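Here is the structure we will look at.
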Amino acid sequence: MNNIFFKSMVLKQGFYHRNVLQVARDLLGCRLIVKSEMGMVSSIICETEAYDGEQDLACHACKGKTKRTSIMYDCGGVWYVYLCYGMHWMLNIVTGPKNYPATVLIRGTRDFSGPGRLTRNLGLDGSLHGKPAVPSSGLWIEDIPKKKSPEILTGPRIGVDYAGKEWAQKPYRFWFS
DNA sequence: GGGAGGATGGAT
DNA sequence: TCCATCCTCCCA
C-alpha cells in the first residue's frame with residue numbers, strides 16, 4: 001500500500017541527533033513536506049550531502065562559530081538556510097548533538113533537481129532559518145516505511161573543490177540508483 | 001570600510 | 001564558458 005496518510009510518520013527530533021552521515025543516508029526516501037497558506041506540498045528526498053564539523057574544510061563551520069554558522073552548533077533538528085551566489089536559498093537540516101556543527105544539505109527531491117530549484121519551487125527561503133523541523137514550523141520530514149532498503153550510491157560533494165583534495169573527494173553525497 | 005568569493009542554475 | 005546578484009567573512 002502507498003497510503004502515506006495512513007503510514008507516514010513525522011521524524012522525531014532524536015532522528016537528527018545522530019551522526020550526520022547516517023542522517024544524510026536515512027533521509028533518502030523520506031518525504032519533505034511544506035505547509036503554507038497555499039496548501040500542502042510534499043516531495044520524496046532523493047539526494048543529500050553531509051557537512052561534518054569544523055574539521056571538514058567544505059563545511060561552513062570550518063572557520064568556527066560565526067553569525068551565519070551559529071545555528072549549526074545547536075542540537076540537531078533545526079533548519080539552516082542561507083543564500084548562495086546571491087540568489088539561491090540552500091536548505092539544510094542541522095544534525096548531531098549540541099555544539100557539534102554538522103548539517104545535511106537537501107540537494108534534490110523526486111520532483112525538483114538541484115538545491116536552488118528545490119527551494120524556489122517549494123517557496124522556501126531564509127524565513128525558515130533556525131526553526132525546528134516539525135509540522136508547526138510549516139516544514140518537516142516524514143518517514144515512509146519501505147518494503148526493502150533502496151540502493152544508495154555515494155560520491156564527492158558538488159562545488160567544494162576549494163576545500164582541498166582530502167575533503168573535496170570524500171564520498172559525502174548520497175543519492176538513489 | 002573594502003574586496004573576494006561562494007554547498008547554483010540558466011543562457012550562450 | 002560566462003554571469004547574475006548579494007551576503008558573509010576576512011583583512012586592513
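Owing to the predicted nature of the structure, the values given are computational and were not obtained by experimental measurement. Chain letters run A, B, ... following the sequence lines, proteins first and then strands; every chain starts at 1.
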Is it true that Trp140(A) and Glu142(A) share a donor-acceptor pair across their side chains at a distance under 3.5 Å? yes

Using a cut-off of 4.0 Å on non-hydrogen atoms, how would the nucleic acid contact of Arg173(A) be classed: base, sugar-phosphate, or nothing? nothing

More than 12 heavy atoms of other residues, nucleotides or ligands under 6.0 Å from CD of Glu151(A): yes or no? no

Answer whether the closest heavy-atom distance between the side chains of Arg18(A) and Asp26(A) falls below 4.5 Å. yes

Ignoring backbone atoms, test whether Arg157(A) places a side-chain nitrogen or oxygen under 4.0 Å from the OP1 or OP2 oxygen of dT8(B). no

Let me know the distance between OH of Tyr80(A) and C1' of dG6(B), rounded to the nearest Å. 11 Å

Here the pair of heavy atoms bringing Pro101(A) nearest to Cys59(A) is O-SG, 4.2 Å

Is it true that Arg110(A) and Ser43(A) share a donor-acceptor pair across their side chains at a distance under 3.5 Å? no

Interatomic distance where CG belongs to Leu91(A) and P belongs to dG9(B) [whole Å]: 13 Å

When the distance from CZ of Phe112(A) to P of dG9(B) is rounded to whole Å, what number comes out? 13 Å

In what stems does DNA chain C take part, counting only runs of at least 3 consecutive Watson-Crick or G-U pairs whose two distances fall under 3.5 Å? B:1-6 with C:6-11, B:8-11 with C:1-4

Result of checking Ile33(A), Leu32(A), Val134(A) against Leu139(A) for side chain to side chain contact (heavy atoms under 4.5 Å, CB included): Leu32(A)

In whole Å, what is the span from the CD1 atom of Ile158(A) to the C1' atom of dT8(B)? 11 Å

Flag the pair Leu122(A) / Leu91(A) as yes when at least one side-chain heavy-atom distance between them is below 4.5 Å, and no otherwise. no

Please list, pair by pair, any protein nitrogen or oxygen found under 3.5 Å from a nitrogen or oxygen in nucleotides 8-12 of chain C.
{"residue": "dC9(C)", "atom": "OP1", "partner": "Thr66(A)", "partner atom": "OG1", "Å": "2.1"}
{"residue": "dC9(C)", "atom": "OP1", "partner": "Arg68(A)", "partner atom": "N", "Å": "3.2"}

For a quick test of reading the model: is some side-chain N or O of Arg117(A) closer than 4.0 Å to OP1 or OP2 of dG10(B)? yes

Whole Å only: how far is the CD atom of Glu47(A) from the P atom of dT8(B)? 11 Å

If you take all heavy atoms of Asp143(A) and Cys30(A), which pair is closest and at what distance? OD1-SG, 3.7 Å

Looking at side-chain heavy atoms only, is the closest gap between Arg31(A) and Ile45(A) below 4.5 Å? no

Quickly work out the Leu118(A) CG to dG9(B) C1' distance and round it to whole Å. 13 Å

What protein N or O atoms touch nucleotides 4-6 of chain C N or O atoms at under 3.5 angstrom, if any, and at what distances?
{"residue": "dT5(C)", "atom": "O2", "partner": "Tyr85(A)", "partner atom": "O", "Å": "2.5"}

Would you say that Ile106(A) contacts Trp79(A) through its side chain, given a criterion of any heavy-atom pair below 4.5 Å between the two side chains? yes

Compare all side-chain heavy atoms of Trp175(A) with those of Arg107(A) and state whether any distance is below 4.5 angstrom. no

